[in-house]
Trainee: 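Have a look at this one.
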There are 2 protein chains.
Amino acid sequence: MSYISYMIDDNASSSPLSRKAAPPTDFGFRPLYRQVKEEFVRRMVDGRWATGTALPSEQGLAAELGVSQGTVRKALDELAAENVLVRRQGRGTYVAEHDEARILFQFFRLVPDDGIARFPDSEVLSQGVHAARKDERDALVLPSGAKVARIGRVRSLGRSPVILETLSLPDRLFPGLTQSPVPNSLYAHYAAHYGITIAHTTERLKAVTLAGEDAARLDRPDGHPALRVERLATALDGRAVEWRVSLCLTDSAHYLVNDAPKGPHKAAGT
Amino acid sequence: MSYISYMIDDNASSSPLSRKAAPPTDFGFRPLYRQVKEEFVRRMVDGRWATGTALPSEQGLAAELGVSQGTVRKALDELAAENVLVRRQGRGTYVAEHDEARILFQFFRLVPDDGIARFPDSEVLSQGVHAARKDERDALVLPSGAKVARIGRVRSLGRSPVILETLSLPDRLFPGLTQSPVPNSLYAHYAAHYGITIAHTTERLKAVTLAGEDAARLDRPDGHPALRVERLATALDGRAVEWRVSLCLTDSAHYLVNDAPKGPHKAAGT
DNA sequence: TCGGGAATGTCTTATATAAGTTATATGATA
DNA sequence: TATCATATAACTTATATAAGACATTCCCGA
């Protein structure tokens, strides 16, 4: 008797969720908790839940959306597993912030051979808006004729330069980005000033040898090996928003890839 | 009234699980579902659940362990998220197999620039048992004097060599491994013949330039850039079991890193 | 070959208890 | 009075259970 709302669900409720989105073909069926999750993502994308915001309690959200607490919980748990939300027992659930610690943990993989990851300093070499090159249009899925904001910079750990990189972003999404000095921590800047949250990155690595100006900028001789990292960053809604090509010195650092589970996983020791 | 078993739990049950392992200090407390998970890992480690095995149903496991189906489900879900189990609605839950598709998906990250990942062929150059070098002992946590099985091989995609690598394994865990020809797909071999399941890898990457014999083996001139990948593979129970150093050519391939969530995650598109 | 179950995993709801955090009240002390 | 420590209340999320509806798959029989 108490399962009526689950069975019929969209007859008299003001809820934006419906169990079957496509009645004719059953294609596109999504579980309720996933629809709830998508609603939460919408709220973050459109700014209702900005980074750092404390969410209402599970009970409150459940009442508001007309679903049970368990369903809300499953949606929140998945978003927490994706590092989009942060949950703390007794305190509440928060929209994750792009602070240095999180970026270091989630996105920055170049770590010193002896020691732990640190956030590198940046020196901007150039910044401006240009017509997008073909590689940029391909990566960012832009039409021909589109413009990109382009930033060149050198990043250092300690005193010596380690990374030489060029960033490209759709000018339409980041108007005015390069008209004032850009901060060291870009992802926090995107979130704070453009409401765009970087949620996910894909990186392609190649080994190359340095030459000419690149070698000079990194203070290494021609023919010195370096790691070339192409990173495509996508926002919460899945749009590609940043294309980054980095030349990384790996003389006293390495690129770390760990396929370990993120959360409180760990197999039982014997 | 039906929650008594949850509250006292270990008074009259034959269950191997207990809610509080350490009564004096509450240190070492683990939730029930995690104890269930550890029990499942034990069964895989000691061979009761070999790779490919179909697990009993959730209801059956719940009845056997004296917990609810939801608790079993939470444990199974975490193991599935770690790629240790594979769940298919309507079919059942299976211990993941180390077939080529899974290795390609989970462990092999060197993909051709144009096209999709393929499993490379191998040509073994050398295999034998030796006294462990210091770097091997450090990586595999072996005492001085320990012996390792060592394998050198060249791997090719299509006709041209792409990877030159050396593998080291504790001889104690893999007796006789190098006394007969080793197969191309090693992780399946470990599981089938030694009951050791590779669950997790950590890789450290550096850019280097080739020289001497390495260059010759890979058919490239001295000074040619290559990706040096150090991989430490650990088993289900957390032990380090394989140490691998690979030199990868990235002329027409790249190393792919994707931080996307594994499972059925994907943010809502607008 | 087709269709109808049976088995199994998946989703949803509901409820109860545990445990961590924060705010508020209380009372002793300086 | 002001301050500090402690108790307590009121939140929150985390864990656990149970039961029913639903989707998917597979097998068996017509």
Side-chain angles (χ1 to χ4, degrees), chain A residues 1-10 13 15 17-23 25-37 53-63 65-81 85-94 263-264, chain B residues 1-10 13 15 17-20 26-37 53-63 65-81 85-94 263-264:
Chain A
M1 45 167 59
S2 52
Y3 292 90
I4 295 176
S5 69
Y6 161 60
M7 292 178 65
I8 49 181
D9 180 68
D10 47 357
S13 113
S15 157
L17 313 171
S18 69
R19 180 150 176 77
K20 296 192 185 274
T25 71
D26 210 29
F27 183 82
F29 159 79
R30 285 160 317 189
L32 232 199
Y33 79 88
R34 192 140 305 209
Q35 297 177 45
V36 170
K37 182 181 168 187
T53 304
L55 269 58
S57 73
E58 295 180 354
Q59 294 285 4
L61 290 168
L65 297 175
V67 301
S68 79
Q69 183 187 0
T71 302
V72 169
R73 158 165 286 275
K74 192 154 184 178
L76 294 176
D77 280 345
E78 282 203 358
L79 288 167
L85 297 178
V86 175
R87 316 195 71 188
R88 289 243 293 273
Q89 184 176 0
R91 286 195 55 164
T93 304
Y94 299 81
Chain B
M1 47 165 60
S2 52
Y3 293 90
I4 296 175
S5 68
Y6 162 60
M7 292 179 66
I8 50 182
D9 181 70
D10 47 357
S13 115
S15 156
L17 313 170
S18 71
R19 180 151 176 76
K20 296 192 185 272
D26 211 27
F27 184 81
F29 159 79
R30 286 158 316 192
L32 233 198
Y33 78 87
R34 190 138 307 204
Q35 297 177 45
V36 170
K37 183 181 167 187
T53 305
L55 269 58
S57 72
E58 295 182 354
Q59 295 286 2
L61 289 168
L65 298 174
V67 301
S68 77
Q69 184 189 1
T71 302
V72 169
R73 154 166 288 276
K74 193 154 185 178
L76 294 177
D77 281 344
E78 281 202 0
L79 288 168
L85 297 179
V86 175
R87 316 194 73 188
R88 289 242 295 274
Q89 184 175 358
R91 284 193 57 162
T93 304
Y94 299 81

Trainee: To the nearest angstrom, how far is A:Leu76 atom CG from D:dA14 atom P?
Mentor: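 Taking CG of A:Leu76 and P of D:dA14, I get 9 Å after rounding.
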Trainee: Determine the minimum heavy-atom distance between A:Tyr33 and A:Ala75, stating which atoms define it.
Mentor: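 It is O-CB, 3.4 Å.
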Trainee: Using a heavy-atom cut-off of under 4.0 Å over every strand shown, decide if B:Gln59 touches base, sugar-phosphate, or nothing.
Mentor: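 Nothing, no nucleic acid heavy atom in range.
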Trainee: Provide, to the nearest angstrom, the distance between the CG atom belonging to A:Leu85 and the P atom belonging to D:dT12.
Mentor: 17 Å
Trainee: Show me the protein contacts with nucleotides 6-8 of chain D, counting only N or O atoms at under 3.5 Å.
Mentor:
none

Trainee: Where along residues 86-94 of chain B does a heavy atom come under 4.0 Å from DNA chain C, residue by residue in number order?
Mentor: B:Arg87, B:Arg88, B:Gln89, B:Gly90, B:Gly92, B:Thr93
Trainee: Specify the separation, in whole Å, of atom CG of B:Leu65 and atom C1' of D:dA16.
Mentor: 15 Å
Trainee: Could you give the CG-to-P distance, from A:Leu55 to C:dT21, as a whole number of Å?
Mentor: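 For the pair A:Leu55 CG and C:dT21 P, the rounded distance is 19 Å.
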Trainee: Kindly write out the residues that satisfy side chain to side chain contact (heavy atoms under 4.5 Å, CB included) with B:Gln59, not counting sequence neighbours, or none if the list is empty.
Mentor: B:Ser57, B:Gln69
Trainee: Output the rounded distance in Å from CG (B:Leu61) to C1' (D:dA16).
Mentor: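 Spelled out: CG on B:Leu61 to C1' on D:dA16 is 17 Å.
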Trainee: Determine, step by step, whether B:Arg34 and B:Glu78 satisfy the side chain to side chain contact (heavy atoms under 4.5 Å, CB included) criterion, reporting the C-alpha distance in whole Å, the side-chain angles of both residues, the deciding distance to 0.1 Å, and the verdict.
Mentor: CA-CA 9 Å; B:Arg34 190 138 307 204; B:Glu78 281 202 0; 3.0 Å; yes
Trainee: How many Å lie between CZ on B:Arg73 and C1' on C:dG9, as a whole number?
Mentor: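 From B:Arg73 CZ to C:dG9 C1': 6 Å.
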Trainee: Taking any heavy-atom pair under 4.0 Å as a contact, classify B:Glu58: base, sugar-phosphate, or nothing.
Mentor: base
Trainee: With sequence neighbours left out, what residues match B:Arg73 under side chain to side chain contact (heavy atoms under 4.5 Å, CB included)?
Mentor: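 For B:Arg73 the side chain to side chain contact (heavy atoms under 4.5 Å, CB included) partners, ignoring immediate neighbours, are B:Glu58, B:Asp77, B:Arg87.
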Trainee: Return the OG1 to CG distance between B:Thr71 and B:Leu61, rounded to the nearest 0.5 Å.
Mentor: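 Result: 12.0 Å between the selected atoms.
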Trainee: Given D:dA16, is OP1 or OP2 found less than 4.0 Å from the side-chain N or O atoms of B:Ser68?
Mentor: no
Trainee: Can you find a heavy atom in the side chain of B:Val67 that is under 4.5 Å from one in the side chain of B:Leu32?
Mentor: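 SC-SC contact between B:Val67 and B:Leu32 confirmed.
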Trainee: Report the nucleotide, chosen from C:dT8, C:dT10, D:dT17, that has the shortest atom-to-atom distance to any side-chain atom of B:Gln69.
Mentor: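 Nearest listed nucleotide: C:dT10.
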Trainee: Starting the side chain at C-beta, find the nucleotide from C:dT13, D:dT17, D:dT13 nearest to B:Thr71.
Mentor: D:dT17
Trainee: Give each protein N/O atom lying under 3.5 Å from an N/O atom of nucleotides 1-5 of chain C, with the pair distance.
Mentor:
none

Trainee: For a quick test of reading the model: is some side-chain N or O of B:Lys74 closer than 4.0 Å to OP1 or OP2 of D:dA16?
Mentor: no
Trainee: One pair to check against side chain to side chain contact (heavy atoms under 4.5 Å, CB included): A:Leu85 and A:Leu55. What are the steps and the verdict?
Mentor: CA-CA 9 Å; A:Leu85 297 178; A:Leu55 269 58; 4.1 Å; yes
